[in-house]
Every structure is written in structure tokens, then in C-alpha cells.
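Start at 1 and go down the list; that is how both ligands and their atoms are numbered.
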Amino acid sequence: MKIGINCFPTVGGSGIVATQLAIEMAKKGHDVHLISYDTPFLLRTFRHPNITLELVDILSYPLFKDIGAPYTILAASKLAQIAKKTEVELLHIHYAVPVGVSAYLAKEITKIPFAITAHGSDIHTLGIDPAYNPVLSHVFNEADGLSTVSNYMKKEIQEKFNYERELEVFYNPIDIEKYQKIDAQLCDFRIKHENNFIHVSNFRPVKNAPFIVEAFADVVKEHPDTGLIMVGEGPERKKCEDLAYNLGISENVTFQGVRVSIAPIYSCGAALLSASTNESFGLTLAESMSCETPVIAPKVGGIPEVIDHEENGFVYEFGNRESLTKYMLQLVTDKQLVKKMGKKGREKVVNKFEAGMIADQYIKWYEKILD
Ligand code: GMT
């Protein structure tokens, strides 16, 4: 097959999922044209002859200084060019805003079919807003295929977009070779504390990261030799740093910035913590589970589809700090439980989220669309 896959190049989940899919397809012998405005994060450390990188030209103009370059048009032109110049049979757009609209335009120009995978905030934050909803509803109904990443998201789309056609659910693909437990002794990462909790995010307000720092401070009161390792970069990172300082736990909290290799960090955790206000799936939860580290996350969005409560982690009521700290303390004091839940988590990832298997599901979907 020859597929054009469009995504954001940043460390965000939709870009990672799209690039992982491109990698799996390339390994299976398919040709992928990966389209973005910069080299996607995973492609910086991976090369494959079956993957061609297609860059959207960002042509700006002084008149656009307040609104930014009209990316929808620029991407549409690129998609139309790819449709004309290459033998790509289908365009697959990851994250509906704004390139879903570009693909719709490219089809108007070239007749190339397109499919969209909605990932999260393109639906539950932007998509439901009247500023985006009418255009997205139209585009979804005109698309040749629409998929999303959890049953929660499927319901959201059906309810909020007047969408009654077929809607597939494909969970996030996890590279189970890359994400596997690494012996703490072999970690390229110096562990300062006896027990560690991990948080991995882009520190956007939706991740609610300061809540994690507050809950962690409660745990430190009882177990001073506990660390919190915060990975990633984003708007609320500094707020977390200041909060850690004000709560007198700066020594316990380390900020690692964006990391290419995080399996060693997941591997040294008693648990990965999430406090998100919404999460369509929760890619980092599944990555952590793949490394045999249990997860503690709120009962929002698609998270209950990823975590089986008390099996491979804990799900707490959103905003309930007492409940979060209770589960953290339980794991700090029970290493056997960490191990048991970790094994169950890995099992779930291997059976439900393994990247090659998820890629096969996408490929079947492409075949159905093109049939
Ligand atoms: O939707 C977003 O906020 C951004 C998106 C991204 O591009 O980073 O993340 C979403 O897509 C991931 C991959 O499908 C999911 O694992 C994340 O749960 C989801 N984020 C949210 O729903 C907040």
C-alpha cells in the first residue's frame, strides 16, 4: 500500500501515534509518505527506506502577522501535490484540526480519498466549540473514514458532531520492545530516592500537573525518602517547580525536560501518576504499563479503558487528592503489589496495544476504505 500519513511533529500523543503507525507500516513493507511541517519526533531517531518525509512549506506574509500563516491552505496544497505527484492511494490525517479540513480540500482538487483519526482535544476541547464544530462536522461526514482512540471518544463524536456513519476505534499502539522494563542497575538515569513516582506530560493545563506535586507532598510527609520525577516541558512546568519549592519538597522533585528514551525512567517508578482533567486514551499510561510500572490516574475520558482498577493500577475520582495519595502510599509500602500490578500491566499492553497488531487493524481499515 502507499499511504500518506499527516501529523504534528511535536512530542504530543497524536504525532507519536501517527509516526509509530508509519514505522510499523514501513516494517511491514508498505510505502508511507509522512507529512508534517517539521521532522516528527520519533523519526529523529529512526530511518526506514519505506518512509518519505514530506514537509509542508510555511509561507508567511506580513499581513498575517496577527493570525499566523494559513496552515489549512498550505497543508491542503501540499496534500494535493502529493496526490498528484506520487502514487499515494489514501491520506490519513492524525488530529482533525486543522489538516482534516486541508484533506477535504485536497480531495475536492484531486479526488484523493481521506481518513481522519481524532485524538483528543481536537474533539473534547476544540471540536465541541462552535468556533470549530460546524466545519469539523461537515468534514467528518465527507471523510472516507473516521476513527478515534477510545470508546469514550467514539461516544463523544457521535453525540457532539451529529455523526451517524461508521466510526472505528483503534487504541494507541505501543512499541513493546522499546517500552520494556529495564533493570534499575542498568538505568542511564541516577535514582536519588528509595521510591519514585513518575509524571510524563507536556505540562499543558489539561494535564493538571500541579495537583500531582500537591499529592506528592502529602506522601513525602510520611515517606521522606521518596522522589517525584517529572518528564516533559510545557506551560505549567515552572508552576510545578515553584510549588515544589513552596511546599519544601524541592529536593524530592526533579525535572527532566523532554527525553528521547524514557523506558529507563518509567522502569524506576513505583507508579506513573496522572491528574488530567480529560484524556482520550493516555498514551504515557500504556507506555508505563509496558515497562511494568503501575499507573494511578483519574476516572476521566478513556482512562478506564486503559487501566483495570486494582489489576494493573488504580483509578481515582477526578480531583480527589486523598484517594490519589492513598493509592500512592499503598504502592510505596508494598513492593510485591508494584511487581504484581506491573506484570499485569505489561500483559494488557502486549495483548491489547501492541504496535504491530494495532497497525494491522489500521491496514484492514485502509483496505476497507479503498475497496
Ligand atoms: O488531544 C490532545 O490534547 C493532544 C493529543 C496530542 O496530539 O498530543 O493527545 C491526545 O492523543 C493521544 C494519542 O491518541 C492520547 O493518548 C491522549 O490521551 C490525548 N490527549 C488528551 O485527550 C488530552
Side-chain angles (χ1 to χ4, degrees), residues 5-22 24 34 36-38 40-42 71 92-100 115-129 132 136 146-157 160 167-175 179 199-209 211-212 231-236 258 262 272-290 295 297-307 313 315 318 348-349 352-353 355 358-359 361-362:
I5 294 182
N6 178 91
C7 69
F8 280 94
T10 44
V11 256
S14 64
I16 301 290
V17 166
T19 314
Q20 191 62 49
L21 172 61
E24 297 302 325
L34 196 56
S36 195
Y37 58 84
D38 199 355
F41 189 69
L42 287 189
Y71 192 74
H92 182 189
I93 311 306
H94 286 262
Y95 201 85
V97 183
V99 185
I116 298 175
T117 295
H119 278 272
S121 53
D122 48 353
I123 299 301
H124 60 62
T125 308
L126 304 176
I128 56 167
D129 194 297
Y132 288 98
L136 286 186
L146 182 61
S147 77
T148 190
V149 299
S150 61
N151 290 307
Y152 153 76
M153 284 282 284
K154 179 173 177 171
K155 204 158 162 268
E156 278 288 291
I157 295 172
K160 314 265 168 61
L167 181 42
E168 307 279 347
V169 171
F170 304 116
Y171 287 136
N172 286 181
I174 303 295
D175 180 342
Y179 291 103
H199 175 74
V200 180
S201 82
N202 46 27
F203 287 85
R204 279 183 293 162
V206 70
K207 302 295 174 183
N208 196 19
F211 185 79
I212 302 276
V231 181
E233 190 47 73
E236 298 211 281
V258 173
I262 44 178
L272 176 93
L273 309 176
S274 160
S276 296
T277 58
N278 202 348
E279 203 67 68
S280 63
F281 178 87
L283 179 62
T284 58
L285 302 173
E287 288 174 352
S288 172
M289 285 159 64
S290 190
V295 282
K299 193 176 177 182
V300 295
I303 286 178
E305 294 172 55
V306 180
I307 306 178
V315 178
F318 173 77
K348 171 139 188 193
V349 174
K352 299 264 188 208
F353 311 139
I358 301 287
Q361 296 171 3
Y362 273 110

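When side chains are defined from C-beta on, Val11 does not count as touching Asn202, because their heavy atoms never get closer than 4.5 Å. Within the 4.5 Å cutoff, the side chain of Tyr362 has heavy atoms near those of the Ser147 side chain. Between Phe281 and Glu305, the closest side-chain pair of non-hydrogen atoms is not below 4.5 Å. Val206 is not listed as a side-chain neighbour of Ser121, based on a closest heavy-atom distance of 4.5 Å or more.
Protein heavy atom closest to atom 16 (O) of ligand 1, with residue, atom name and distance, is Asn172 OD1, 2.8 Å. Residue, atom and distance of the protein heavy atom nearest to atom 5 (C) of ligand 1 are Ser14 N, 4.1 Å. The shortest contact between atom 4 (C) of ligand 1 and any protein heavy atom is with Arg204 NH2, 3.4 Å. In this structure, the protein non-hydrogen atom closest to atom 1 (O) of ligand 1 is Ser121 N, 2.6 Å.
Atom-to-atom distance recorded for His199:NE2 and Asn208:CG is 9.0 Å, nearest 0.5 angstrom.
Contact atoms of ligand 1 toward Leu283: 16 (O) (distance under 4.0 Å to a heavy atom of the residue). Below 4.0 Å from some heavy atom of Gly120 lie the following atoms of ligand 1, by number and element: 1 (O), 22 (O). Close approach of ligand 1 to Gly282 (heavy-atom distance below 4.0 Å) involves ligand atoms 15 (C), 16 (O), 17 (C), 18 (O).
Assignment of His94 to the shell around ligand 1 is not supported, since no heavy atom sits closer than 4.0 Å. Close to ligand 1: Tyr95, with a non-hydrogen atom less than 4.0 angstrom away.
Put simply, the side chain of Thr148 never gets that close to the backbone of Lys154: no donor and acceptor are under 3.5 Å apart.
Looking at ligand 1, you won't find any N or O of Gly12 less than 3.5 Å from one of its N or O atoms. Between Val17 and ligand 1, not a single N/O pair is under 3.5 Å apart. Of the N or O atoms in Asn278, none lie within a sub-3.5 Å distance of an N or O in ligand 1.
Proximity annotation for atom 15 (C) of ligand 1: of Ala96, Gly13, Ser280, Gly127, Ser280 comes nearest, heavy atoms only. Proximity annotation for atom 17 (C) of ligand 1: of Gln20, Glu279, Lys207, Glu279 comes nearest, heavy atoms only. When the options His124, Met153, His119 are ranked by their closest heavy atom to atom 10 (C) of ligand 1, first place goes to His119.
Remark: the His92 side chain and the Thr117 side chain contain an N/O donor-acceptor pair separated by less than 3.5 Å.
Of all heavy-atom pairs between Pro40 and Cys7, the closest is CG-SG, 4.1 Å.
At a threshold of 4.0 Å, the pair Glu279-Lys207 counts as salt-bridged, since one of the basic side-chain nitrogens sits closer than that to a carboxylate oxygen.
Evaluated for a side chain to side chain contact (heavy atoms under 4.5 Å, CB included) with Glu287, the options Asn172, Val349, Asp175, Ile262 yield exactly one hit, Ile262.
In Val149, the part holding a heavy atom less than 4.0 Å from any atom of ligand 1 is the side chain.
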